[in-house]
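Since the structure comes first, as structure tokens, the remarks are kept for the end.
Every heavy atom of this structure was used, including side-chain atoms; hydrogens, water molecules and symmetry mates were not.
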Amino acid sequence: MSSVTGSGSGSADRNGPACTRGRLPVGTLSMLLPLLFLQLMVSVSGFEPDFLHPLENVTVAQGRDATFTCIVNNLGGYRVAWIKADTKAILAIHEHVITNNARLSVTHNDYNTWTLNIRSVRREDRGQYMCQVNTDPMKMQTAFLEVVISPDIIYEETSGDMMVPEGGSAKLICKARGHPKPKIVWRREDGATIVSRGGQSGRPERLLSVEAEVLSLTKVTRSEMGAYLCIAANGVPPSVSKRLMLHVHFHPLIQVPNQLVGAPINTDVTLQCHVEASPKAINYWTRESGEMIISNDKYAMTEINNSYYSVQMKLVIRRFHKSDLGGYKCISKNSIGDAEGNIRLYEMEMQERVDSDEDTVLAEDVDGDGTGSNQDNDGSFNNGFQGPLTESNGPGVENVQESSSARPHSTNPLCSLSPLLFLLVL
């Protein structure tokens, strides 16, 4: 009986302490319960560090500042780090910059916003950037920094001013750097079209602009001479351009509008020649004897530039006298060749006015300007005879003079009129 009791008592002694040792003290458990509850709430409700907004990609021009903003909620005791993902370089941890780059800085607004600042961005700053929180497992988000560079002409690889003979070929080259890669567009500075003769149709095409690094011109004519603009653009301002001059060389060419000019004595007479030449020519006037004419009280010479290669020469002979009769030459010379034009000046007598009304009407019809005279508004005479000079020797010219001067001395002024006008008068 006692042995059983003793045995039971002994059993109770052994089991009691063992059960007590497997349980936490009441005080300790009361302290851990809030922590366990907090951990349970974090795991259930998500109250752990998380990103409020995605990290946004940034595109910035070289030399400007770039900023990445990382917003982290419920950071607690964790830390935010900035890492350059492509190189695995740690840039900053919390508020301390780790990398040896004075252009980088980190700011924190004392709540949930972390900012990585990169000043004066360079091309090598381009790449992937990471905002990381040191949780387990790690949380992070990334964004890309794109560094764009405005165009810049590569002058050592770009053509300069160019000279080609007329009928030859020219190849204008323009190279530019930048990011993204710039596009090259060619235009004429004066707005004229660019002539492309390399098309499949075989016929020349006239284009206001050509997009290409190389502009090829074939069978070049003098009308294609001038300034060409190479314009480089890639969407990053500013666009840049270079001006190239294309010189087309050819020997002088002279056109004479009127090879016979008549005027009355004591009037001013104007002689004209149109010259085309490249390179620029030396232009001057002479008498048919070869005597060079110089500007003085008697002669006035002017030149009007119409284009890169075209010039209008003018010679004004004041107070036209019989000694001024004869031939005149306009001469143009450049390094390739020379040319000359011939003009013959003759006396033209003034036609006497007829007092009758019918003759006055006839004179107005003949002249077409109501004045009955071929005198210019400025009082000078030119264009007395229009058309080419078929013979350059004296007799041929005298015949023309006789036919020109015979009309004022006609006994019957109606003889020179057409049959239709004669019927109208009658």
Side-chain angles (χ1 to χ4, degrees), residues 151-177 181-233 239-257 272-285 303-314 329-342 388:
D152 185 30
I153 301 292
I154 306 174
Y155 286 93
E156 56 271 20
E157 298 181 23
T158 298
S159 303
D161 293 350
M162 189 171 295
M163 182 277 294
V164 295
E166 190 167 35
S169 299
K171 184 179 289 187
L172 307 181
I173 302 174
C174 183
K175 295 290 184 71
R177 61 171 68 93
K181 182 176 176 60
K183 293 181 179 180
I184 305 297
V185 174
W186 292 93
R187 296 182 186 276
R188 295 279 299 267
E189 186 180 56
D190 57 3
T193 56
I194 297 174
V195 182
S196 173
R197 298 180 177 88
Q200 296 180 352
S201 64
R203 290 181 294 181
E205 293 183 78
R206 296 188 174 274
L207 308 170
L208 288 175
S209 63
V210 175
E211 183 177 328
E213 285 189 343
V214 179
L215 177 63
S216 296
L217 303 174
T218 58
K219 299 179 181 178
V220 177
T221 65
R222 63 191 67 183
S223 63
E224 295 172 74
M225 184 188 309
Y228 288 73
L229 297 178
C230 148
I231 305 170
S239 300
V240 293
S241 64
K242 183 182 178 183
R243 182 177 185 268
L244 292 79
M245 275 297 302
L246 177 65
H247 300 278
V248 181
H249 285 187
F250 55 92
H251 62 78
L253 171 68
I254 293 181
Q255 294 178 333
V256 181
Q272 298 184 51
C273 291
H274 298 290
V275 179
E276 293 183 359
S278 178
K280 186 174 177 62
I282 298 174
N283 304 317
Y284 58 95
W285 293 87
E303 290 187 4
I304 301 173
N305 293 315
N306 298 324
S307 67
Y308 289 110
Y309 58 87
S310 177
V311 174
Q312 183 180 16
M313 298 175 61
K314 283 189 176 183
K329 292 183 178 182
C330 50
I331 300 175
S332 180
K333 292 184 178 182
N334 67 4
S335 57
I336 299 178
D338 57 72
E340 67 178 36
N342 294 279

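For F250, the ring-ring contact (aromatic ring centres under 6.0 Å, His included) criterion is met by Y309, not counting sequence neighbours. P165 pairs by the side-chain contact (heavy atoms from CB on, under 4.5 Å) definition with nothing, not counting sequence neighbours. Listed by chain and number, the residues in a side-chain contact (heavy atoms from CB on, under 4.5 Å) with V214 are K171, I173, S216 (sequence neighbours excluded). Taking the side-chain contact (heavy atoms from CB on, under 4.5 Å) definition, one finds that Y155 meets it with I153, K242, sequence neighbours left out. Applying the salt bridge (charged side-chain N to carboxylate O under 4.0 Å, His left out) test to R206 and every residue at least two apart in sequence or in another chain returns nothing. Checked against salt bridge (charged side-chain N to carboxylate O under 4.0 Å, His left out), K219 has no partners two or more places apart in sequence or in another chain. Residues satisfying the side chain to side chain donor-acceptor pair (under 3.5 Å) criterion with E276, sequence neighbours excluded, are R222. By the side chain to side chain donor-acceptor pair (under 3.5 Å) test, Q312 is found to be paired with Q272, residues two or more places apart in sequence or in another chain being considered. D152 meets the side chain to side chain donor-acceptor pair (under 3.5 Å) test with R177; sequence neighbours excluded. Taking the side chain to side chain donor-acceptor pair (under 3.5 Å) definition, one finds that S278 meets it with nothing, sequence neighbours left out. Taking K183 as the reference, E211 meet the side-chain contact (heavy atoms from CB on, under 4.5 Å) condition, with sequence neighbours excluded. Taking Y228 as the reference, nothing meets the ring-ring contact (aromatic ring centres under 6.0 Å, His included) condition, with sequence neighbours excluded.
Counting all heavy atoms, side chain and backbone alike, P252 lies closest to D338 at CD-N, 3.9 Å. Considering all non-hydrogen atoms of both residues, A170 and V220 come closest at N-CG2, 4.4 Å. Summarising the geometry of D161 relative to R243, their closest heavy-atom pair is OD1-O, 4.2 Å, with the distance given to 0.1 Å. Nearest heavy-atom pair, A232 versus A176, reported as atom, atom and distance to 0.1 Å: CB-CB, 3.7 Å. The two residues H249 and I336 come nearest to each other via the heavy atoms CB-CD1, 3.5 Å.
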Could you go through W186 and C230, starting from their C-alpha distance and side-chain angles, then the distance that decides it, and tell me whether this counts as side-chain contact (heavy atoms from CB on, under 4.5 Å)?
CA-CA 5 Å; W186 292 93; C230 148; 3.7 Å; yes

Going through the distances and angles, do I254 and C330 end up as a side-chain contact (heavy atoms from CB on, under 4.5 Å)?
CA-CA 8 Å; I254 293 181; C330 50; 3.8 Å; yes

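Between the side chain of S332 and the main chain of N283, no donor-acceptor pair closer than 3.5 Å is present. Under the 3.5 Å distance criterion, the side-chain polar atoms of R197 are left unmatched by any main-chain donor or acceptor of P204.
Taking the side chain as every heavy atom from C-beta outward, L246 and L217 approach each other to under 4.5 Å. Looking at heavy atoms from C-beta onward, N305 lies in side-chain contact with K280 at the 4.5 angstrom threshold. V256 is not listed as a side-chain neighbour of N342, based on a closest heavy-atom distance of 4.5 Å or more.
Expressed to the nearest 0.5 Å, how far CD of E157 lies from OG of S159 amounts to 11.0 Å. Atom CD of E224 is separated from atom OG1 of T193 by 8.5 Å, given to the nearest 0.5 angstrom. The distance from the CG atom of L229 to the SG atom of C174 is 10.0 Å, given to the nearest 0.5 Å.
Counting non-hydrogen atoms of other residues, nucleotides and ligands closer than 6.0 Å to NE2 of H247 gives a total above 12. Within 6.0 Å of atom CD1 in I282, 12 or fewer heavy atoms from other residues, nucleotides or ligands are found, so the atom counts as exposed in its surroundings.
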